[in-house]
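All residue numbers in this chain count up from 1 along the given sequence.
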Amino acid sequence: MTVDREAIPEHSPAHDRSPAEEVSTATVVAYAVAAIVLVGWFLFGWLVLRQGFVDSVGESAGAGFTLLLIVSVIGTVRRSRR
């Protein structure tokens with residue numbers, strides 16, 4: 001069996017995409033700070049409040065997923081404006 005055409009033609013929208021944008025240093029620093037805050041939140045709940053390991057993990061994971069949702073919504077709004 002042979003194929004007479006290319007899988008992705010040169011005039012397709014997938015071919016016209018620009019390369020991925022580089023991540024700025026400020027973004028990397030913000031993600032690192034958020035990760036440190038989440039680990040601190042986990043340790044505070046577990047060691048200081050003594051609320052249990054699983055509860056502390058769940059609370060930290062919930063906060064992390066909330067932050068990811070906020071970042072996703074902001075990114076979608078910014079991208080739609082371009």
- Applied to residues 27-49, the side-chain hydrogen bond (donor to acceptor under 3.5 Å, both in side chains) test, sequence neighbours excluded, yields S24-T27, W41-E59

- Task: Applying side-chain contact (heavy atoms from CB on, under 4.5 Å), name anything that partners V29, two or more places apart in sequence or on another chain.
- Result: T25, V33

- Message: If the condition is side-chain contact (heavy atoms from CB on, under 4.5 Å), which residues does I36 pass it with, not counting sequence neighbours?
- Response: none

- Item | CG on L69 to CD1 on I74, rounded to 0.5 Å | 10.0 Å

- Message: Please report the interatomic distance CG(L43) to CG(L38), rounded to the nearest 0.5 Å.
- Response: 11.0 Å

Side-chain donor/acceptor pairs under 3.5 Å, residues 60-67, sequence neighbours excluded:
residue: S60; atom: OG; partner: F42; partner atom: N; Å: 3.3
residue: S60; atom: OG; partner: S56; partner atom: O; Å: 3.0
residue: T66; atom: OG1; partner: G62; partner atom: O; Å: 2.8

